[in-house]
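As structure tokens, the structure follows; a few thoughts come after it.
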Amino acid sequence: MTKYELFLLLGGIGLFLYGMTVMSTGLRNACGRNLQRILEGATKSKLRAVLVGIAVTVLVQSSSATDVMVIGFVNSGIMTLSQAIGVIMGANIGTTITAQVTAFNLSAYAPLILFIGVVIFVFVKKQLVKYIGSIIMGFGMLFEGIALMKSAISPLAQTEAFVDTISSMSNPFLLVIFGILFTALLQSSSSSTVILQAFAVQGILTYHSSVYLLIGSAIGSVAPNLLASLTANREGKRTALLNLLFNLFRAVLLMCLIMLFPVLLTWIQNLSPDNVGRQIANTHTIFAIIAVVVMLPLSEKIVKLSRCILKPLPEEICMMDEKKLHFMNNIGEVPPTILLTQARKEIARMGDIASSNLELAIDSFFNQDVKKGEEALQMEEVVDYLNYAIVDKLVELHTTDMSQKDMNLVHHMMLVVSHLERISDYAENVVEYGQRMRNENALLSESGHQDLLELAQLCLKEVKLCIEIFVGERYSQLKTAEKIEERVDNKQLEIIDGHVKRLANAGCNPLAGVIFTDMANDLERCSDHAISVARALDMKIL
């Protein structure tokens, strides 16, 4: 290979990878938040999760991108490992579409496709159309890159020494390992598969060698997800581990199938007897489908294995126990009156957690206690989960035989859940204010610190009292709660007025001053939500 041919090959690979990135980004931008909605829809069933995984990966043209999004969802508690593995399996099928598309010989049209994409992207002002232009532009780059690669490697097919070296790689296990390393280096199984197609089309690689390289490439594709999981929590790390385990088992399964039923490869070849590029694409797709069909029923076993390898910590076990409903699991089996009692207990539990979160957040802020702040953020995830879970169950209550009065009660319970979730959100804000002040080394003035502390203690007293009123139905204490809420309102106005005077006299750090105002407003809003919780189920109001 001459220096020019080497540069041509590297340029083709670079253009192909960049085209994939441009096309993928354009697709993601065009889809917008729909991708998140589609992924959130994967929580219904395993089969649906697989279909969602296929759909999202076809849209973004990257199984790695899908898997990274799934890690993020599991990390934030939106998705469980059992739901995630279905999406991961679907992504393994969806990523094979790239090879199917590139198996078409569109190199002659690549410059025209690229030109059309550039014209749309550069000259059209409408944002959605620009995204479509970037998709077309990336598509053109992708095929132009393939054309460059084919031109560069074409002379290699005539080089006896190179052909002999490639042909000597006949050991299936060595080929699998090479496929793993090659794909991990490229960070994309789609890219490595297309490059394999180009080599096979030029006669440098045999079909059978390509098959083993394909098996290895599926394992190598997990590399970006393993890297992405390094900053995730343990559930996020288990998600990446699930992907690795699935692809390892998939490799073992496919190797066994090839050894036991070599006719399988002959059958795939016969589907496109004169097109080795299409044969590789078909193998990629069929192998992915076989792996999902065989292993989907075993998905829970893989989830359990991931937990055995990365064992739950004691605090994780506690968190898993908290992040589930304790009282509302048997709707449809008990009378409506008991269901309402169970709902109140579940909401009361959520209220206790929200109140504790606020207390932890305030302690973290004023005492510089990082650990308490982290605990508050973890429990905020529990509150977010309970918010969705309780509301879903309350919606189910509408399908039961309930009186209009009870229906009205259910509606007010939903409002209580919303108010409690907002209190916990403000607690999260307080933790983040403390983090910003530590990071920027910003300090409140002594008087500002004392003013904010007094408001926080008054707000916390109000929140605790209001939740006690809701839990114990102590509506006789409503007047006390309303007086405290009024004191919170007055205190907030008073301390902000004092803060403005300190700013005028340059007696406060500017960043600390912004945080002071934001936190005072958030504490006052907590008090507003708390009084709404206390009043929500008062029969005099209902």
Side-chain angles (χ1 to χ4, degrees), residues 39-40 42-43 46 49-50 52-53 56-57 62-92 95 176-177 180-181 183-184 187 189 215-253 291-292 294-324 370-371 373-386 389:
L39 271 174
E40 287 175 350
T43 59
K46 287 266 176 37
V50 171
V52 165
V56 172
T57 307
S62 171
S63 60
S64 297
T66 304
D67 294 337
V68 167
M69 283 190 278
V70 170
I71 289 172
F73 280 121
V74 174
N75 191 61
S76 61
I78 295 173
M79 190 179 286
T80 66
L81 288 177
S82 296
Q83 294 155 351
I85 191 168
V87 179
I88 288 167
M89 289 180 175
N92 274 266
T95 194
V176 170
I177 292 169
I180 294 171
L181 297 174
T183 305
Q187 298 274 293
S189 62
I215 293 172
S217 73
I219 301 172
S221 68
V222 182
N225 309 316
L226 294 174
L227 289 173
S229 71
L230 293 177
T231 56
N233 59 25
R234 287 175 75 83
E235 281 292 271
K237 288 179 172 65
R238 288 190 192 99
T239 309
L241 182 58
L242 280 180
N243 200 353
L244 178 60
L245 290 172
F246 168 70
N247 281 292
L248 285 172
F249 290 143
R250 163 181 157 153
V252 173
L253 170 68
V292 171
V294 172
M295 296 175 67
L296 185 61
L298 305 173
S299 58
E300 286 303 320
K301 303 288 184 186
I302 301 174
V303 171
K304 286 181 181 177
L305 181 58
S306 73
R307 292 195 187 279
C308 289
I309 295 171
L310 200 59
K311 294 184 183 297
L313 300 173
E315 55 266 31
E316 274 190 282
I317 295 171
C318 177
M319 181 69 76
M320 284 188 285
D321 183 61
E322 291 289 353
K323 202 181 279 188
K324 62 184 180 184
V370 176
K371 189 173 181 181
E374 290 173 352
E375 188 178 343
L377 293 178
Q378 285 182 339
M379 295 310 290
E380 159 62 12
E381 293 179 17
V382 175
V383 174
D384 283 343
Y385 168 80
L386 290 175

query = Rounded to the nearest 0.5 Å, how far does CG of L298 lie from CZ of F246?
reply = 11.0 Å
inquiry  = Checking I177 now: which residues fulfil side-chain contact (heavy atoms from CB on, under 4.5 Å) with it, not counting sequence neighbours?
reply    = L181
inquiry  = When you compare the side chain of V87 with that of V50, does any pair of heavy atoms fall below 4.5 Å?
reply    = no
note = Taking every heavy atom of A240 against every heavy atom of V222, the minimum-distance pair comes out as O-CG1, 4.0 Å
ask   = Between A291 and L253, what is the shortest heavy-atom contact and its length?
value = CA-CD2, 4.0 Å
key: E374: partners by side chain to side chain donor-acceptor pair (under 3.5 Å), with sequence neighbours left out   = none
query = If you take all heavy atoms of T183 and S221, which pair is closest and at what distance?
reply = CG2-N, 3.6 Å
request  = For L242, check side-chain contact (heavy atoms from CB on, under 4.5 Å) against everything at least two apart and list the hits.
outcome  = L81, I85, I88, I302, V303, S306
Spacing of CZ belonging to R234 relative to NZ belonging to K311, to within rounding of 0.5 Å = 10.5 Å
key: Contact check, side chains of N243 and N92, non-hydrogen atoms, under 4.5 Å   = yes
query = Under the side-chain contact (heavy atoms from CB on, under 4.5 Å) test, which residues partner A218, sequence neighbours left out?
reply = N247, R250
ask   = Do the side chain of S299 and the main chain of L296 share a donor and acceptor less than 3.5 angstrom apart?
value = yes
